[in-house]
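All chains are named by letter (A, B, ...) in the order of the sequence lines, taking the proteins before the strands, and each is independently numbered beginning at 1.
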Amino acid sequence: MDITFMSNEAIAKILQEIAIYLEMDDVPFRPRAYEKASEGILGLDRSAAEIYSSGGLAALENIPNVGISIAEKIEEFLKTGKIKDYELLKRKIPVNLGELRMVEGIGPKKIKILYQKLKIRNLKDLESAVKAGKIRKLAGFGERSEENISKGLEFIKKSGGRFVLGFIDAQVGEITGNLRKIKGVREAVVAGSIRRRKDAIGDADILVISDKPKEVMDYFVSMPGVARIFAHGETKSAIKLSNGLDVDLRVVPEESYGAALNYFTGSKDHNVALRELAIKRGWKLNEYGLFDGKKRIAGKNEEEIYKKLGLSYIEPELREMSGELEASRAGKLPDLIGYGDLKGDLQVQTSWTDGAQSIEEMARAAIDLGLEYIVITDHTKRLAMTRGLNETRIRMQWKEIDEINRKLKSEGLKFRILKGTECDILKDGTMDLPDEILSKCDVVGASVHSLFNLPKKEQTDRIMRAMSNPHVDILFHPTGRVLNKRDAYEVDMDAIIAHAKKTGTVLEIDAYPDRADLKAEHIRKCIEAGVKMSIDSDAHHSSHFEFLKYGISQARRGWAEKKYIINVWPVEKMLGMLK
DNA sequence: GCCGTTTTCGGCCCGACTGTTTTCAGTCG
């Protein structure tokens with residue numbers, strides 16, 4: 001059997017499902033062990049199949065949270081495509097765990113009862129049982145449970161899971177702003193994965209300091225846009241907005257603010273590790289503080305908690321259990337690029353192709369935001385639907401850029417519009433515009449906009465050939481993914497990163513919210529390889545320059561310092577870093 | 001079942017809310 005078909009995701013999913021099955025039977029501790037092993041597999045930057053074929057069983061055991069027993073199960077899976085223990089569990093309760101687990105309020109124990117009593121195997125069975133009023137008659141369930149399951153099913157049909165940070169950020173900010181206006185509220189902040197600035201988020205967590213929690217909670221569950229109330233308590237409430245976004249709210253007293261912020265910011269694994277550090281010192285860490293017996297020894301702010309635990313402060317974007325605790329302890333955390341550090345934007349579309357506004361409008365918006373330069377990068381002729389530029393039209397565009405630059409200068413503005421292109425990479429890796437044109441551009445970006453489903457080797461070779469072109473400065477949105485729309489194309493990113501180093505090509509962090517491309521793990525690899533990156537808005541409208549901050553978030557999540565990003569520099573220095 | 005700057009054995013993060021209960025199990029984060 002060709003083991004390359006055994007993806008890490010497939011292995012992780014089986015381990016995760018074993019954990020759920022064990023949970024059903026109230027097996028102690030082992031569920032968590034399988035869950036952690038599953039996370040360990042997902043966190044790998046190589047495939048488990050590769051690890052196994054190069055180092056055998058012993059190498060599998062080196063995977064975090066994988067011991068001898070789970071290593072053997074992974075080996076069994078890689079060799080036979082099956083895990084016997086899993087098949088046995090699955091035969092006993094043959095249900096679609098992935099589906100059923102999506103329903104809010106349904107966990108392992110209830111899945112077991114639903115199968116054993118009503119033979120419910122999937123969402124369809126569950127829906128029929130709800131409609132027939134069978135759920136309410138089960139022991140441990142009731143009318144309310146049935147109603148909640150019914151509502152849960154509705155929402156699964158309506159919305160499919162994750163939200164793009166840049167598309168919900170403002171709405172959550174508005175809610176927080178309104179909470180801040182309520183009497184007795186001293187602070188209201190966003191925590192959770194939004195504070196960690198993840199590119200895609202599952203829900204929103206808001207933290208409030210108030211002496212009058214009841215008023216906060218009453219407002220929260222009755223504010224406009226609330227579609228469902230999951231919980232309405234004194235210190236904790238949870239709702240779903242009509243767009244499907246779940247929002248959790250917690251109210252804590254001021255002396256617990258730091259501990260609560262830390263706890264609700266996560267990540268979960270990061271928090272668990274901090275609690276374990278506390279336990280080792282004989283203390284206890286929870287959302288109310290760090291305690292030595294009954295005595296609170298820290299909790300008012302996050303800094304003092306980290307300090308007591310022997311750590312320097314860790315920025316939220318780094319709290320993903322990917323080495324930040326070790327780095328913090330050793331004083332080796334990166335000096336992250338800041339949110340005000342960009343001086344230019346290297347990918348901007350205008351009304352010459354699919355952008356909404358003129359070159360001048362885009363330039364003036366960039367000036368208002370404090371940028372010093374932008375590169376105009378309209379599409380090229382292969383992208384016919386955008387009226388992509390050919391040789392003649394791009395020469396016309398250069399004239400317009402020269403004119404506007406002169407005009408801005410005559411107004412005393414110190415700003416520069418650079419000539420660029422977002423040039424299509426054709427199927428064979430050649431460019432959509434001739435070298436003669438590319439050589440006259442200040443900045444050449446190259447993009448894949450077609451043939452997303454080429455085989456991995458062919459796609460990788462195609463892109464690498466484009467990067468080898470001496471005029472191609474930047475590879476735009478290198479993986480091509482669009483969140484909630486399409487996956488990245490099959491491409492060997494390690495090879496691309498190595499080739500970027502070899503050819504001096506810059507890799508872009510496209511900040512457009514549903515692109516967020518490069519991903520954080522690629523950014524870290526670029527840093528390790530010594531590959532330079534740019535952070536670009538990919539603006540199609542003057543309001544899109546705001547998106548640059550999401551690119552900075554992404555860079556921070558990839559541990560990037562200023563020095564790795566070329567557009568933190570003034571224009572001449574930036575240009576000097578290109579080919 | 002995993003793991004070790006307290007441990008190779010004996011631990012394993014912790015608390016809030018709901019619904020169905022009559023003191024608590026299940027779920028969630």
Side-chain angles (χ1 to χ4, degrees), chain A residues 15 18-20 22-24 26-40 60-74 85 100-114 135-149 152 191-193 201-207 213 217 221 228-239 246-252 256 259-260 262-291 310 321 325-326 329-330:
Chain A
L15 295 177
I18 291 176
I20 298 167
L22 295 172
E23 190 81 47
M24 285 182 191
D26 250 338
V27 176
F29 305 116
R30 285 171 61 208
R32 184 71 188 126
Y34 276 94
E35 221 170 272
K36 284 171 91 168
S38 172
E39 286 158 14
L60 289 178
E61 269 192 83
N62 279 333
I63 298 170
N65 302 313
V66 171
I68 179 65
S69 171
I70 292 182
E72 280 173 0
K73 289 188 171 66
I74 296 171
D85 284 359
L100 293 174
R101 243 158 29 101
M102 285 163 63
V103 184
E104 189 82 35
I106 299 261
K109 306 284 169 62
K110 288 188 173 169
I111 290 175
K112 184 182 184 183
I113 295 171
L114 289 169
I135 306 283
R136 67 182 74 181
K137 292 175 190 149
L138 294 174
F141 291 75
E143 264 181 62
R144 291 300 290 275
S145 314
E146 189 175 87
E147 201 183 313
N148 283 336
I149 290 172
S193 51
I201 61 126
D203 62 6
D205 300 280
I206 298 175
L207 185 64
M217 292 306 183
V221 299
R228 239 190 113 177
I229 301 167
F230 294 120
H232 183 185
E234 274 285 307
T235 65
K236 174 182 171 174
S237 291
I239 56 140
D246 288 339
V247 187
D248 289 357
L249 176 65
R250 298 286 296 241
V251 178
V252 296
S256 301
N262 185 252
Y263 176 71
F264 295 116
T265 296
S267 69
K268 192 177 172 194
D269 289 341
H270 179 92
N271 290 140
V272 169
L274 291 183
R275 287 183 179 199
E276 282 166 357
L277 284 179
I279 290 167
K280 278 185 190 153
R281 288 167 160 75
W283 301 332
K284 182 175 77 166
L285 177 64
N286 60 25
E287 57 262 56
Y288 298 108
L290 181 62
F291 295 91
M321 276 310 271
L325 294 182
E326 295 79 354
R329 200 176 293 121

Reading 5' to 3' through nucleotides 19-29 of chain B, protein heavy-atom contacts under 4.0 Å coded B for base, S for sugar-phosphate only, - for none: SS-----SSSB
Partner nucleotide of B:dC24 by Watson-Crick or wobble geometry (both distances under 3.5 Å): B:dG19
By side chain to side chain donor-acceptor pair (under 3.5 Å) - contacts of A:Asp246 (at least two apart): A:Lys240
Partner of A:Leu285 under side chain to side chain contact (heavy atoms under 4.5 Å, CB included), chosen from A:Asn271, A:Val272, A:Leu274, A:Ile279: A:Leu274
Syn/anti state of B:dT5 by chi, 90° boundary around 0: anti
Nearest-angstrom distance from the residue atom CG of A:Leu22 to C1' of B:dC12: 15 Å
Residue pairs passing the side chain to side chain donor-acceptor pair (under 3.5 Å) test where at least one lies in residues 31-40 of chain A, sequence neighbours excluded: A:Arg32-A:Glu35, A:Tyr34-A:Lys73
Nucleotide nearest A:Lys284 (side chain, heavy atoms from C-beta), chosen from B:dA16, B:dC14, B:dC2: B:dC14
Pairs where residues 273-282 of chain A contributes a residue and the test salt bridge (Lys or Arg N to Asp or Glu O under 4.0 Å) is met, not counting sequence neighbours: A:Arg275-A:Glu287
Side chain to side chain contact (heavy atoms under 4.5 Å, CB included) against A:Ser237, all qualifying residues, sequence neighbours excluded: A:Met217, A:Phe220, A:Val221, A:His232
A:Glu61 CD - B:dC2 C1' separation (whole Å): 11 Å
Contacts of type salt bridge (charged side-chain N to carboxylate O under 4.0 Å, His left out), residue A:Glu23, not counting sequence neighbours: none
A:Arg30: salt bridge (charged side-chain N to carboxylate O under 4.0 Å, His left out) partners, not counting sequence neighbours: none
Atom-to-atom span, CG of A:Asp269 to P of B:dC12 - whole angstrom: 18 Å
Rounded interatomic separation in angstrom, taking CG from A:Asn271 and P from B:dA16: 16 Å
Phosphate OP1/OP2 of B:dC13 contacted by A:Tyr288 side-chain N/O (<4.0 Å): no
Among B:dC2, B:dG1, B:dC13, the one nearest A:Asn65 by side-chain distance: B:dC2
Separation of atom CG in A:Leu277 from atom C1' in B:dC12, rounded to whole Å: 15 Å
Touch class at under 4.0 angstrom, heavy-atom based, for A:Leu274 against every strand present: nothing
Sugar-phosphate, base or nothing in reach of A:Lys73, heavy atoms under 4.0 Å: sugar-phosphate
Rounded interatomic separation in angstrom, taking CD from A:Glu276 and C1' from B:dC14: 12 Å
For nucleotides 4-11 of chain B, tabulate all protein N/O to nucleotide N/O atom pairs closer than 3.5 Å, reporting atom names and distance.
none

With A:Lys112 via side chain to side chain contact (heavy atoms under 4.5 Å, CB included) - residues at least two apart: A:Met24, A:Asp25, A:Ile93, A:Gln116
Rounded distance in Å - CZ (A:Phe291) to C1' (B:dG15): 12 Å
